[in-house]
Amino acid sequence: MNTSISSFRRTLFWPAVLATLACWALASAVRGQNDSAQPSGTAVPVPGASVVLAESPVEEGRIPMKNLLQVLRDGGPLMIPIGLCSVILLVFVFERSISLRRGRVIPRPFVKRFLQQLRDGQLSPESALDLCEKNRSPVAEVFAAAIRKWGRPAVEVEQAIIDAGERVTNELRKYLRVINGVATITPLMGLLGTVLGMIQTFNTIAVGDAMGRPEMLAGGIGQALLTTAGGLCVAIPSLIAYLYFVGRVDRLITDIDGLGQRIVDLIAADGHLLRGPDTERPAGEKKTRKVA
């Protein structure tokens, strides 16, 4: 129980880090805009001197950013799909974090008990297949494909493991394309928002005679920068999550392949003849047997 809890905590560590980094980046952007929107200084009244009223800052064209909703609003219409992509990213990162737990893909108690019973000769093909179908984990699916070839030559058993491994690999890599798609699309949407913001700025210059009046250009430039920042804040965590999950899937597939080779040595018709009953192929070893 303690092992499963610690594994669950390790699984949720990286998604929590990614979400924290994204929130920190957005909060830093909002805080920076708030600091820049405040006046740089105020006049200190001097006794006996006439009080000079400071000129109020020009509000026209400024982007008042006080909270996240105003940031999304001032960033233009493209901030809406970027925000939706961030929600999609969080959903699928959480789902993959749960689905790719090692205890779910390769349950250690089941694997250890199954291999030990096969070595001791306590399982028949029917009982072994029944155990695999009841467990219903990805590694049990690979074991079941090998058990169906019980007593056949090693080549046939290995081919069954390879076919089942391909199906398991596709299942483990499910939704990773969605995460990769978010990492690819959101920078492009941010770039499009930048282009639209610059177009708005140049239209203001051409139509409104805004040369020498930066307050009239602040709206378009602010929109351009906000969309770029929003796209990058979503794309960077999604790319990190994609690379992390791809590496995890590769490690799990390698371990499943090594366990499948042990099954071949135990149930194939020529497994014991080629390697001996007490030897095992180490996990992850590739096939080197030549076909005569």
Less than 4.5 Å apart, side chain to side chain, heavy atoms only: is that true for R248 and R102? no

Can you name the residues that form a ring-ring contact (aromatic ring centres under 6.0 Å, His included) with Y242, not counting sequence neighbours? none

Is the shortest side-chain heavy-atom distance between P81 and L78 below 4.5 Å? yes

Do D130 and K134 sit within salt-bridge range, that is, some charged N less than 4.0 Å from a carboxylate O? yes

Roughly how far apart are R104 CZ and L172 CG, rounded to 0.5 Å? 8.0 Å

Answer yes if the side chains of Q261 and D265 hold a donor-acceptor pair under 3.5 Å, and no otherwise. no

In plain terms, say whether R173 and D250 are close enough for a salt bridge, that is, a side-chain N and a carboxylate O under 4.0 Å apart. yes

Which of parallel (below 30°), tilted (30 to 60°) and perpendicular (above 60°) describes F92 and Y175? tilted

Is a donor on one side and an acceptor on the other found under 3.5 Å between the side chain of R152 and the backbone of V157? no

Under the criterion salt bridge (charged side-chain N to carboxylate O under 4.0 Å, His left out), I'd like the reasoning laid out for R167 against D163: C-alpha separation, chi angles, the key distance, then a yes or no. CA-CA 7 Å; R167 294 191 295 269; D163 295 339; 5.8 Å; no

Main-chain N/O of R96 paired with S99 side-chain donor or acceptor, under 3.5 Å: no

With F114, which of I147, N135, L259, V139 fulfils side-chain contact (heavy atoms from CB on, under 4.5 Å)? I147

Hits for side-chain hydrogen bond (donor to acceptor under 3.5 Å, both in side chains) against K112, two or more places apart or cross-chain, chain-then-number order -> none

Around atom CD1 of I185, are there more than 12 heavy atoms of other residues, nucleotides or ligands at under 6.0 Å? no

